[in-house]
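Worksheet: the structure to be examined is printed underneath.
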Number of protein chains: 2
Amino acid sequence: MGHLSRFIEPVVLFLLARKGHSYGYDLAAELPGYAFTEAAVDRTALYRCLRQLEAHGHLASHWDLPEAGPARRVYTVTASGRKHLEEWMDVLDRLAGSMVRLVQDARELVCLQESVEDTLTR
Amino acid sequence: MGHLSRFIEPVVLFLLARKGHSYGYDLAAELPGYAFTEAAVDRTALYRCLRQLEAHGHLASHWDLPEAGPARRVYTVTASGRKHLEEWMDVLDRLAGSMVRLVQDARELVCLQESVEDTLTR
DNA sequence: GCTTTTAGGTGCAAGCGACACCTAGTCGCA
DNA sequence: TGCGACTAGGTGTCGCTTGCACCTAAAAGC
């Protein structure tokens, strides 16, 4: 099926909106809880996603220098980002709807064809 | 959101399973009814998808030479293809589930944050 | 001192996708 | 009888995305 890195964008926006602010390494740990695939998300994909969202104005960032440990690039969601998140939700809503419709129709078809096959061989 | 050509594969398998047999040009006309995106599916992506499914043994094909009109490459789903379709349905089922969960949680969050904002400004 | 953990990257080859383009048969119509 | 529209199935290629390997650097544990 591939790895669907594109789809980490809405998850990142959601997690950041819920947490208020966070940074790449921390988000990487929380992604699996909402990720669409079981496959582990590539960390470089996450970093690139964050940079891209910032480039589009959906996130703002600043460096946080904790007393202990390496520096963190801390992100927050902008007004534009919140709007983008809601657009994503509309898209995912329709997408999920199309998927369940296909799954239902396909499973119905399989049942139907199995029962036909059954009556023929009996 | 991108163009999600990867996701025409399960739709193609389903349509072929339902119709019994068909060919590229005909499937192209039926795809929009089950496609995940509103965007028109690129015909070259469909042809390449069919060739790839055949290469993996999920489809079988033969040339149909109608009395009138150009030749058609007619495809049918193999046993392996039916199995592959069922696997796809499991994947899409979980995928759709993850999506609706995210959408629900995100919309709940938006409502919550709006009501908090509301009480603060009032 | 050495490894592990935290943190944020870069570089590049391979793959994928979108578009332009090509061949070829049939039909309608002017 | 020429021409465009429709049916049918492709190829070639450029650019963007993705996945993997790799790199830097600070702190903490052994």
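A, B, ... follow the sequence lines: proteins, then strands. Residue 1 opens every chain.
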Inset, instruction - Kindly say if R73(B) contacts the phosphate of dG10(D), meaning a side-chain N or O under 4.0 Å from OP1 or OP2. - result: yes

Legend entry - Shortest non-hydrogen contact from S22(A) toward L27(A): OG-CG, 3.8 Å

Inset, instruction - Report the distance from atom CD of E9(B) to atom P of dG17(C), rounded to the nearest whole Å. - result: 11 Å

Legend entry - Contact nearer the 5' end of DNA chain C, comparing R72(A) with A45(B): R72(A)

Legend entry - Residues forming a salt bridge (Lys or Arg N to Asp or Glu O under 4.0 Å) with D26(A), sequence neighbours excluded: K19(A)

Inset, instruction - Just jot down the side chain to side chain contact (heavy atoms under 4.5 Å, CB included) partners of L109(B), sequence neighbours excluded, or say none. - result: F14(A), A17(A), R18(A), Q113(B)

Legend entry - Base dG9(D) paired with R43(B) side chain (donor-acceptor, <3.5 Å): yes

Legend entry - Partner set under side chain to side chain contact (heavy atoms under 4.5 Å, CB included) for Q104(B), not counting sequence neighbours: none

Inset, instruction - List for me each residue that meets side chain to side chain donor-acceptor pair (under 3.5 Å) alongside E86(A), sequence neighbours excluded, and say none if there are none. - result: none

Inset, instruction - With sequence neighbours excluded, tell me which residues meet side chain to side chain contact (heavy atoms under 4.5 Å, CB included) with Y47(B). - result: Y25(B), R43(B)

Inset, instruction - Return the value, rounded to whole Å, for the distance between atom CG of L50(A) and atom P of dG9(C). - result: 9 Å

Inset, instruction - Using a cut-off of strictly less than 4.0 Å between a heavy atom of the residue and any atom of DNA chain C, enumerate the qualifying residues of residues 22-32 of chain A by number. - result: Y23(A), G24(A), Y25(A)

What donor-acceptor contacts under 3.5 angstrom involve side-chain atoms of residues 60-69 of chain A, with partners at least two apart or in another chain?
residue : atom : partner : partner atom : Å
S61(A)  : OG   : E54(A)  : OE1          : 3.4
S61(A)  : OG   : E54(A)  : OE2          : 2.7

Inset, instruction - Could I get the full list of ring-ring contact (aromatic ring centres under 6.0 Å, His included) partners for Y23(A), not counting sequence neighbours? - result: none

Legend entry - Backbone of Q52(A) reached by a side-chain donor or acceptor of H56(A) within 3.5 Å: yes

Inset, instruction - Tell me who clusters with L120(A), hydrophobic residues only, linked when side chains sit under 4.5 Å apart either directly or through other members. - result: V116(A)

Inset, instruction - Please state how far atom OH in Y75(B) lies from atom P in dA8(D), giving the value in whole angstrom units. - result: 14 Å

Inset, instruction - Round to a whole Å and report the spacing from CG of D42(A) to C1' of dT18(D). - result: 8 Å

Pairs under 3.5 Å (N/O, protein and nucleotides 11-16 of chain D):
residue : atom : partner : partner atom : Å
dG12(D) : O6   : R48(B)  : NH2          : 2.7

Legend entry - Between P of dT18(D) and CD1 of I8(A), the distance in whole Å: 9 Å

Inset, instruction - Residues of residues 54-71 of chain B with any non-hydrogen atom less than 4.0 angstrom from an atom of DNA chain D: list those, numerically ordered, please. - result: W63(B), P70(B), A71(B)

Please list every donor-acceptor pair under 3.5 Å in which a side-chain atom of residues 90-97 of chain B meets a protein atom from a residue at least two apart or in another chain.
residue : atom : partner : partner atom : Å
D90(B)  : OD1  : R107(A) : NH2          : 2.7
D93(B)  : OD2  : R107(A) : NH1          : 2.9
R94(B)  : NH1  : E38(A)  : OE2          : 3.1

